[in-house]
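Numbering starts at 1 and runs along the sequence shown.
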Amino acid sequence: MSLLLDEISTQGDIEQWTTAFDQTASTVLSANATNQYVVTTTWTSGSYVTDVIPDLYKLESEKFLDKYIPVVVYLTLLCVVGAIGNAHAFLVYLYRYKTSNHKIFVVWLAAVDFIACSLSIPFEIMDARHSYTFTSVSACKIFRFLNHFVVLCSGLLLGIIAVERYRKACVPMGRQLSAKEAKYSCMITVIVSIALSIPALIVYGPTSKPVDNFPELVGSDCTVYSSYKKTFFKIYSSFLLLLCTIIFIVCVVTYTFIGRVLYRQMKFRRASQTTLPKQRLTSLSSCKGGPISSDGGATTTLKKEDNSAHIHDEESSYGDHHNRKSLSRSLSTVSAIKMSAKKLKIFDRSKQITFMFLVATAISYAGYLPHLVLIIIQGISRPTYEDISVSIGSFSAILIRGYFLSNATNPLVYCFLDDRFRRECKKMYAQLKHCFDLKRFH
C-alpha cells in the first residue's frame, strides 16, 4: 500500500482526482491535485468506509514546527559561531604562531571542527526538516560518515593532547613529543578516524519508518538499515562506545594528575614569592651599604640596579676590592632574578595552554555524555527512551546532538583563555584594515 501511495502522490498531471484499486484489500485510494491529503475508501460488510489520511509532507512540516524549531535554532547558532571561530583559529595559529606542539594540535583540531560546523551541522538541520521524506542514499551515507569522523577525530585528538600535556607537566625531565611527532600523531589520528567511520557508509541509508499517529503511512528517514540493526550495528556501536569511554577515562586521569602537579607548583611559587625576594633584595642592599625595606621601595631599588648606566656609575665610585666583589655578586643576583622571572613566564604560559585544553576537553564531554546516555537508554529500553523524550520535549533532540557543542565552542575557549590569540586576531584585522585602506587610496 505504501508503494501505491507514493505512486499516486507523485502524479502531477491530475486535475481533480486519481483513483487506484488495491484488489487484495478491496481498497480505493484517492489523492487530490494538490497532494494535501489521501482518501481511503474500503468496502467493508456491504458498505464503504471512508478515512482521510493527511499528506506525508504536511505531517512532516507540522512535526518540524512542533518539535524541531529549538533544535534548528541551536544548530544554526553552533554552525555560524563554529564556522567563523574555527576559521579564525585555523588561520591565526597557522600563520601567526611559531611551530610548536600547541600550534599543531590547535590547527588540526580547528580543521576538524570547521568540517563539523560547515558540513555536518547543516546536514543535521536538513535531516530534522525531512524526518519523513529523506530519500537521498548518497547524502545520507556521506554525511553520517562525516558525523562519525568528526566526533572520533576530535575525541582522539583531545586524548593525545591530554597525554602530551601530562608528559610536560608530570614528567618534565622525560622524553617529550617533538613537533614532527605531534604532526605525525595528528595524521595517524585522522587516518584511524576515517577507517573507524567507514562502516557508517554501509549501515546507514534511507529507511522506511511508520509515521507518528498514522501507522498506515510509511515515511523514509536517514538511519540504520533494519538488516544491520540486530547484529553488525550493535557490535559497531558497542566498540565505539568502549573507545570513547577509554578516551574519556584517559582524559580524566591525566588531567587529574596534571591538576595535582599544577596545584603543588602554585603553592611552592606562592611560598617562594613571600620569602626569596626579601632575601635577594636584602643581599642587594648590603652590597650598597644602605638598607632596603621590604615594601614597595625594594622594587624601585631593584629596577635601578637593573639599569646598566646606573651600575656603571656605582662601580666607578667604589674604591676597594671588597665592594667590587659585592657588586659582582649583586649583578649575579639580578641575572638570577631575571632568569627566574623568565622561567615563571614560561610556566605561566604552559599552565595557560594546559588549562585551555582542559576546558576544551571538559566541554567536549559535557556535550557528548548526554548523547551517550540517551543512546544507551535507547538501545536497552526503547519505551523508556520514548518516555524521556516526551517528558523533556524538544530538549531531547538537542541533547542527542550535543556532541556538536565542542566543535563550535573550542574557538571561544581559545579566545577567552589564550590572551595571545586575542592579540594576534587584533593584529590580523589591523593589517587587513591597513591593506584595504591602501587599496582604496590607490
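We find that R144 and E124 are joined by a salt bridge, their nearest charged nitrogen and carboxylate oxygen being less than 4.0 Å apart.
Around the CZ atom of F64, the shell of radius 6.0 Å holds more than 12 heavy atoms that belong to other residues, nucleotides or ligands. Remark: K183 NZ is loosely packed, at most 12 non-hydrogen atoms of other residues, nucleotides or ligands lying under 6.0 Å away. Around atom OH of Y225, more than 12 heavy atoms belonging to other residues, nucleotides or ligands sit under 6.0 Å away. More than 12 heavy atoms of other shown residues, nucleotides or ligands fall within 6.0 angstrom of atom OH in Y385.
Here the side chains of L177 and R167 are not in contact, with every heavy-atom distance at 4.5 Å or above. Side chains of M428 and Y95 form no contact here, defined as non-hydrogen atoms less than 4.5 Å apart. Put simply, the side chain of M126 reaches to within 4.5 Å of the side chain of F123, judged on heavy atoms. L240 places a side-chain heavy atom less than 4.5 Å from the side chain of H148. F357 is not listed as a side-chain neighbour of V413, based on a closest heavy-atom distance of 4.5 Å or more. Looking only at side-chain heavy atoms (C-beta outward), V72 and R129 stay at 4.5 Å or farther from each other. Within the 4.5 Å cutoff, no side-chain heavy atoms of I247 are placed close to those of L158. Inter-residue side-chain proximity for Y368 and L405 is flagged as unmet; no heavy-atom pair is nearer than 4.5 Å.
Here F143 contributes atom CZ and D127 contributes atom CG; the two are 11.0 Å apart, rounded to the nearest 0.5 Å. If you take CD on E424 and CD on Q431, they are separated by 9.0 Å, rounding to the nearest 0.5 Å. Atom CD1 in I104 sits 10.5 Å away from atom CG in L94 (nearest 0.5 Å). If you take CG on L243 and OG on S238, they are separated by 12.5 Å, rounding to the nearest 0.5 Å. Interatomic distance, CZ of F232 versus OG of S237, reported as 10.0 Å (0.5 Å rounding). The CD atom of Q176 lies 8.5 Å from the CG atom of N101; values are rounded to the nearest 0.5 Å.
Listed for the Y166 side chain is no donor-acceptor partner under 3.5 Å among the backbone atoms of T256. Of the possible donor and acceptor atoms, none in the side chain of S396 sits under 3.5 Å from a partner among the backbone N and O of I392. Formation of a donor-acceptor pair under 3.5 Å by the S138 side chain with backbone atoms of S136 is not found in this model. Using modelled atom types, one side-chain atom of T254 and one backbone atom of C251 make a donor-acceptor pair closer than 3.5 Å. Proximity of a side-chain donor or acceptor of K209 to a complementary backbone N or O of Y132 within less than 3.5 Å is not detected. Panel note: side chain S220, backbone F134; a donor-acceptor pair is recorded below 3.5 Å. Checked by atom type and distance alone, the side chain of T409 never pairs as donor or acceptor with a backbone atom of L412 at under 3.5 Å. Here the side chain of K103 pairs a donor or acceptor atom with the backbone of Y97 at under 3.5 angstrom. Although no hydrogens or angles enter the test, the distance criterion places a donor-acceptor pair under 3.5 Å between the side chain of S197 and the main chain of F149.
The ring pair (Phe, Tyr, Trp, His ring centres under 6.0 Å) analysis of residues 401-420, with sequence neighbours excluded, yields the pairs Y93-Y414, H371-Y403.
Contact between K141 and L201 at its shortest, heavy atoms only, is NZ-O, 2.7 Å. Taking every heavy atom of both residues into account, P199 and A195 meet most closely at CD-O, 3.7 Å. Contact between V261 and A169 at its shortest, heavy atoms only, is CG1-O, 3.4 Å. A pairwise comparison of heavy atoms in C140 and T223 identifies SG-N, 4.3 Å as the closest pair.
With P411 as reference, N86 is the one residue of N86, L109, I84 to meet the side chain to side chain contact (heavy atoms under 4.5 Å, CB included) rule.
In this model, C415 has its SG atom no nearer than 2.5 Å to the SG atom of C425.
Residues satisfying the salt bridge (charged side-chain N to carboxylate O under 4.0 Å, His left out) test with R422, not counting sequence neighbours, are none.
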